[in-house]
Every structure is written in C-alpha cells, then in structure tokens.
Amino acid sequence: MSLKIYNTMSREKEEFVPRDAGKVAMYVCGPTVYNYIHIGNGRTYLSFDIIYRYLKYRGYDVKYVRNLTDVDDKIINKANEEGVPAEEIAERYSIAFNEDTEQLGLAKPTIVPKATEHVREMIEIIEGLIDKGLAYVVEGDVYFEVTKFADYGKLAHRSLEDMRAGERVEIDPRKHHPMDFALWKSAKPGEPSWDSPWGKGRPGWHIECTAMSLKYLGQGFDIHGGGRDLIFPHHENELAQTEGYTGKQFVRYWMHGGMVNIGEEKMAKSLGNIILVRDLLKEHSPNVLRLLALGTHYRSPIDFSPEKLREAESAYDRFLNARRRIAQALESPAVTRFPELVEEAGRLQRAIQETKSKFIESMDDDFNSAAALASLFELVREINMFIESNEQEMTMIAKDALSTADGMLTELAGVMGLNLMLPEETAGLEANLPAEIYDLAAEVLGLSLDNKAKSELLDELLVRRNEARKQKDWATADMIRNSLAGMGIEIEDTPLGSRWKLSRD
Ligand code: AMP
Ligand code: ZN
C-alpha cells in the first residue's frame, strides 16, 4: 500500500516518493502576524497538523517548518493605525498565534523561523536573481521580471495573458510588466528596515518563504502547503523566484487546502465575516473544531454554520459516550462460562482489524480524513452493539476484546490529533501524578507553573527532552528521563513521538 497525494502542480493524485527515503521535508506558510487567527486560518493549520501527524504515524521522519511572517505591509498598516511600532504588533500577534495554536492542540512544528531573522539570506537570493537577469532595481525597489521566467504560471495553470485579463492590475510605469512583483521594497521613515545594496528597505512577502524554506529544507523538498488562496500569486511567485535562483525543482508536492466559507463567501477579515479561533474555543472543545475539520476532505470547502458545529459536537459525544460505556462494562464483574468461546468476541475482533486497515487505506488516499473518521464510527457502532448484546454477562474474553477496541479507537483518533480522554480519566490521572513534577519543570523549563496541569508539564518536558536529543545534549535528555523515572514515570519513544506512562501501570 502506498501513500498518494494530490499535487496542485499536476492536478493529479500521485504516489508519494520523498526526496530522501524515509524522510519528509514539509513547509507550510505561516501567518502574517497582525491579527488573531480566524477559524478559516485555523482549519488550514489543522489540516496540515493532521497530515504531519499521519506522516509520522506512517513512520516518516518529518521535518516540518512553519514560518512567521513578522514584517509586511499589513503589519505596518496596523501599527500606523494604532500609533505603535510595527515590531510591537508583530510580537503581540506572534504570541497570540502561539497561544491559539496551542489551545487548538496543534503539534509544534520542528522549526518556526521568523522572517525578520532571515533578511540576510533574502538579500543574497535577490542579488542572485539580479545577477541572473531575472530581477531589476528601480529607485531602491527590486522587482522580479515575470517574462524572464519561462515557466511563470505553471502552478496556477495560467498564462501571463490570462492573468492580465483576469486580474485588475494597476499599470505602474516603474514595472516592465504589470505582473512583476516586489522582492525588496524601499522603506519609508519609521518603518522597519534593513541595509541592503539597494538602500534601506524590507523584503517582499514571497521572498521570505523562499529564503526560509531553502535554508531549512534545501532544494527540491517534499511538501509545500497552504490554503488554496495562496496558489496565486504567493506560491507561483515563490516558485518563480526559487527555481529562477537555483535552476532546480523547488518542491515535489504542492498541497492546498479548501477554504472555510460563510454562506457563499470566503471567511476573511476584509469581508468582516470572521469567527476567531480564540472565541470559538471559549465555548467548544478543540476536539470539536478538529472533528469539524476532519469530517470534510482537506481540499474541499467547508461551509461553516452553527449546524456544522452541532454535528461536530455530537460526533465528539458519540466517541466519549462509547468510551464511557466501555469503561462501565469493564468494571462489572466478569462471568465465567464453560467452555469460554473465543468466537464470542470474534466479530468485534474482526471489526477492530478492519477499522485499522480502512483507516490507513483512507488516509493513504490523499489524507481522506472523512473516510478515516467514518471507519472509526463504524467501530463505535460495533462496540455499542457488542455491549448491548453482552449487557447481562461479559466473559474475560469479551472484556479483552472490548478493551482492545477501546485501545484501537483512542490510538487511531490520536493519530489525527483527537483526544478522546474522558474528563474523569483526566482528573484521575492528575491526582495520580507526583507533585515533584512541578519542581522538575521549574528547573528544566523555567516556567511560571501555577496554572498548568501536571500532565501538561510532562508533555512540555518530553518536548524539551526531544529538543535536547536533537542537539545531542545527552546530559539534559538523560537528566529528564532519569528524574522522571525516579518519580515512577516512564518515557516510551514511539514513531509518533515520545509518550509517558506511570511505570506501576
Ligand atoms: P493569511 O494570514 O491570510 O496569509 O492566511 C493564513 C493561512 O490561512 C493561509 O494558509 C491561508 O490560505 C489560510 N486561509 C485564509 N483564509 C482562509 C479561509 N477562509 N479558509 C481556509 N483557509 C484560509
Ligand atoms: Zn509562503
């Protein structure tokens, strides 16, 4: 069985063959930090979070880069509106983005580079493009000359003529062609700026992603993603600059997510129809938002409505109710029947295996999360039927099967980032964790800890240990493992990342 990915470039599902066997290099365009993210943005980041998690589940060693665009016209405009420095806006909304994505339960990318920390690399690439005759300088601005790049338009599948007709581009006498775009913009007084061979200025948006993706992932990396509104002009321009500069293929698979719409319109700040992720999360579990995303294929649009949200709520309840019924059934005393027949639980055991293979088959088919989710609900149905038919008496064999089904349900849900832990399980777990975790976290993470749960701190300690291991800082990594072991907490390293468990379990 092989993984297939729909490639915007070929407009076909293709078999996924990574650049380096067993490894995936993936770049997703991060936010321009000038406001809070809305659920449309949230959906796109969730889609790539699910893809990232699944690739890891499939055993790939994934390097996932998601940048922060912290210098841009939109940030400067917002700063001018508020009468504060642009840096303050960028800082405020970078922090907000981290809070929102953490609340949403997004796994942290491997690297989160900031555009402002890579301006030197951008200048280098722009100089290279000028040397190659692909860019030109006008009064301190630098433009990419689209007519010099023969393949311009190949990602969006549009020719320059189509674009001219389709877009209402302003005629700018300083440009050689109306579609030429800025690589470097001269700075006005008071704007953030950097010295460059063309005077003080700042980078254009597209060159930022070129510089950061090339730096961390190299040429011809595997997956480049974003919402489909980024195909043109952002990704088309990134592609033209990068391939123009390196002379090599930029990206192997281009992936684009569908939009969240309200009524007939795209959810967008400029249209005033947005719902913020942080507002929605005040009333709903992050699992509900994730279920809403999972229920539709990532490339299809979602027409957001209160009914959609209610459906996702009830899907979440269906999962939790099944897990609650399982817990109750497992608590009741087991009956002995003689002879105990393995066949009693045969149907459920088969359903468990079938669920797993259908799940993988669906996700392998261009990450069809809707079909994968349907297979989990199929298992929920089997579980409910099984409990109903065994209500009065459950043998050890039946209980084993039920417990395996429960394990499969939580495992596969976990692959998609869904947390099916029952509130009572979470509470019980917290109560069982030793208080020394607070001391270790304070020592290693140096955080203010009062408002965090011990289980949350444990997760952060594992992230810290993994970072230490990547940097070959074995002393810190071992210290964390040994200190936890001393408290009776064991670390398990799995393809999905590290997990902890109480060693007495
Ligand atoms: P932006 O801040 O506009 O660059 O958007 C950040 C990410 O959210 C990009 O990947 C966009 O494609 C995506 N995005 C923006 N609006 C929507 C929407 N209504 N639905 C889904 N994704 C969106
Ligand atoms: Zn980008």
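Being a predicted model, the structure only gives us computed values, none of them experimental. As the structure lists them, so they are numbered: ligands from 1, and atoms in each ligand from 1.
At a 4.0 Å heavy-atom cut-off, the residues surrounding ligand 1 are His38, Gly40, Asn41, Thr44, Tyr45, Gly226, Gly227, Asp229, Leu230, Gly258, Met259, Val260, Lys266, Met267, listed by chain and number.
Within the sub-2.8 Å shell of the Zn ion (ligand 2), the protein contributes these N/O/S atoms: Cys29 SG, Cys209 SG, His234 NE2, Glu238 OE2.
Defined by atom type and a distance below 3.5 Å, a donor-acceptor pair is missing between the side-chain atoms of Thr246 and Gln219. Residues His256 and His235 have side chains that bring a donor and an acceptor to within less than 3.5 angstrom of each other. With 3.5 Å as the limit, one finds a donor-acceptor pair spanning the side chains of Asp180 and Tyr136. Side-chain polar atoms of Tyr34 and Asn77 form no donor-acceptor pair below 3.5 angstrom.
For the ring pair (Phe, Tyr, Trp, His ring centres under 6.0 Å) with Phe144, the qualifying choice from Tyr245, Phe181, Trp184 is Phe181, the only one to do so.
Environment of NZ in Lys23: sparse, with no more than 12 heavy atoms of neighbouring residues, nucleotides or ligands closer than 6.0 Å.
Every residue two or more places apart in sequence or in another chain that forms a side-chain contact (heavy atoms from CB on, under 4.5 Å) with Pro85 is listed here: Glu87, Glu88. With sequence neighbours excluded, the residues that form a side-chain contact (heavy atoms from CB on, under 4.5 Å) with Glu14 are Asn7, Ser10, Tyr253.
For Tyr64 and Tyr216, the gap between ring centers reaches or exceeds 6.0 Å.
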